[in-house]
Enquirer: 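The structure that follows is given in the form of structure tokens.
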2 protein chains.
Amino acid sequence: MPQEPAPKLEDPDSVIARLRSSEIIPTTQRVEIGQILFASPQHLSAEQILERLSAAGRRVSKATVYNTLNLFAARGLVRQINVDPARTCFDSNTRMHYHFHNLDTGELTDVDVPAIEFSRLPNPPAGTELAGVEIVIRVKRKAG
Amino acid sequence: MPQEPAPKLEDPDSVIARLRSSEIIPTTQRVEIGQILFASPQHLSAEQILERLSAAGRRVSKATVYNTLNLFAARGLVRQINVDPARTCFDSNTRMHYHFHNLDTGELTDVDVPAIEFSRLPNPPAGTELAGVEIVIRVKRKAG
DNA sequence: TTCCTTGCAAAACTTTTGCATTAAA
DNA sequence: TTTAATGCAAAAGTTTTGCAAGGAA
């Protein structure tokens with residue numbers, strides 16, 4: 001019987017280098033979490049990371065997973081995404097990009113910057129300046 | 001001494017008509033909540049609605065506020081907004097529009113559709129169709 | 001009367017925190 | 001050795017739910 005392929009993990013040394021260059025002390029747990037997140041561009045909740053850790057035979061406490069994700073986010077190693085009010089997602093793709101959000105499945109898909117082009121954008125309110133543009137294109141199963 | 005002006009309330013009959021046309025039974029509590037929400041285009045959390053209710057001398061249980069907001073959202077009378085992972089906001093402006101999000105204050109400001117114009121948008125993934133485009137323009141206090 | 005809604009308290013969740021223990025440099 | 005991170009359990013916060021009591025048609 002076909003077996004669920006184990007999700008591939010990023011090379012630990014590469015994760016360590018990445019953490020050090022963000023001035024983050026590379027503890028065992030942080031590296032393990034980084035190996036999961038940085039293996040590919042993806043969107044994971046804290047709970048999903050815990051699942052993948054335990055699937056990989058590693059035990060990391062829930063508190064540490066949250067601490068680590070918040071630390072990574074504060075240092076720009078991941079980006080927080082709020083599409084589902086029930087849980088926060090962390091996006092390991094730190095290049096600028098947008099998202100498709102499938103309303104039926106909850107799935108997020110990246111949209112590269114060149115796929116969207118503005119011909120007009122409003123000026124920020126007085127006293128403020130642009131900090132970023134976030135776009136979520138909601139899609140649903142095609143009626144048919 | 002200047003007094004905090006009581007936020008104005010929408011006319012009850014107008015709220016009742018609105019609920020009926022969405023096939024929602026206009027109970028006392030639903031009308032009271034509608035009077036707050038529909039008084040002007042605004043973005044309110046469940047907690048803020050409870051505050052305004054009690055400021056107006058009305059008592060509605062927390063459970064009913066949540067039930068009502070979810071009902072209104074399901075019927076398209078308000079739109080749910082997820083910018084703050086800690087709480088869900090409900091937007092009583094149901095016309096299509098976008099938002100400025102002030103990162104320093106958390107404040108949301110409407111951006112009308114004509115203020116943004118696309119010259120290119122990606123095709124939805126195979127098997128899906130467009131359901132909506134959500135844009136949040138993040139702004140911060142101007143450095144100076 | 002019949003069906004639906006409300007209110008309360010408790011439950012369910014996600015996320016944060018305090019503190020003793022352990023690991024990193 | 002000194003400083004910082006981990007793990008646990010408890011706490012905090014928002015949202016949901018079960019059920020008895022009350023309101024709408």
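This one's a predicted model, so the numbers in the text were calculated from it and none came from an experiment.
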Enquirer: B:L53 CG to C:dG7 C1': how many Å, rounded?
Expert: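 Distance, rounded to whole Å: 14 Å.
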Enquirer: Between P on C:dT6 and CZ on B:R58, what's the gap in Å once rounded to a whole number?
Expert: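 Going from CZ in B:R58 over to P in C:dT6 covers 15 Å.
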Enquirer: Once you round it to whole Å, what is the distance between C1' of D:dT15 and CG of B:L69?
Expert: 11 Å
Enquirer: With side chains defined as the heavy atoms from C-beta onward, is the minimum distance between B:V111 and B:T109 less than 4.5 Å?
Expert: no
Enquirer: Looking for any heavy atom pair under 4.0 Å, which part of the strands does B:R20 touch: base, sugar-phosphate only, or nothing?
Expert: sugar-phosphate
Enquirer: Quick one: A:D84 CG to C:dC13 C1', roughly how many Å, whole number?
Expert: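 The answer, rounded to whole Å, is 12 Å.
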Enquirer: Does A:D104 have more than 12 heavy atoms from other residues, nucleotides or ligands lying within 6.0 Å of its CG?
Expert: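 Yes - once you tally the heavy atoms of other residues, nucleotides and ligands closer than 6.0 Å, there are more than 12.
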Enquirer: Nearest-Å distance, CD (B:E23) to P (C:dC3)?
Expert: 19 Å
Enquirer: Can you measure A:E32 atom CD to C:dA24 atom P for me and round it to whole angstrom units?
Expert: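 One finds 11 Å between P of C:dA24 and CD of A:E32, rounded.
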Enquirer: D:dT15 phosphate, OP1 or OP2: any side-chain N/O from B:Y66 under 4.0 angstrom?
Expert: yes
Enquirer: First locate atom CD1 of A:I24, then atom OG1 of A:T68, and finally report the distance between them rounded to the nearest 0.5 Å.
Expert: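 Interatomic distance, A:I24 CD1 to A:T68 OG1, rounded to 0.5 Å: 9.0 Å.
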Enquirer: How does each nucleotide of nucleotides 5-11 of chain D score, in 5' to 3' order, for protein heavy atoms under 4.0 Å: base (B), sugar-phosphate only (S), or none (-)?
Expert: SSBB---
Enquirer: Could you go through the salt bridge (charged side-chain N to carboxylate O under 4.0 Å, His left out) check for B:R138 and A:E134 one step at a time?
Expert: CA-CA 7 Å; B:R138 310 231 185 250; A:E134 187 160 316; 2.8 Å; yes
Enquirer: Is the distance between the ring centroids of A:F90 and A:F72 less than 6.0 Å?
Expert: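 Between A:F72 and A:F90, which both carry aromatic rings, the centre distance is not below 6.0 Å.
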Enquirer: Can you tell me how far P of C:dC13 sits from CD of A:Q48, to the nearest Å?
Expert: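 Taking atom P of C:dC13 as the reference, CD of A:Q48 is at 16 Å.
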Enquirer: What's A:T88 touching, base or sugar-phosphate or nothing? Going by heavy atoms closer than 4.0 Å.
Expert: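 Sugar-phosphate only.
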Enquirer: Would you mind reading off the distance between B:I24 atom CD1 and C:dT6 atom P, rounded to a whole angstrom?
Expert: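 B:I24 atom CD1 is separated from C:dT6 atom P by 11 Å.
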Enquirer: So what does A:P26 touch, heavy atoms closer than 4.0 Å: a base, only the sugar-phosphate, or nothing?
Expert: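 Sugar-phosphate contact only - A:P26 comes under 4.0 Å of backbone atoms but never of a base.
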Enquirer: For the residue pair A:R58 and A:L9, establish whether any side-chain heavy-atom pair is separated by less than 4.5 Å.
Expert: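 SC-SC contact between A:R58 and A:L9 confirmed.
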Enquirer: So is B:R18 actually on top of B:F38's ring, under 6.0 Å and inside 45° of the axis?
Expert: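 The answer is yes; both the distance and angle limits are met.
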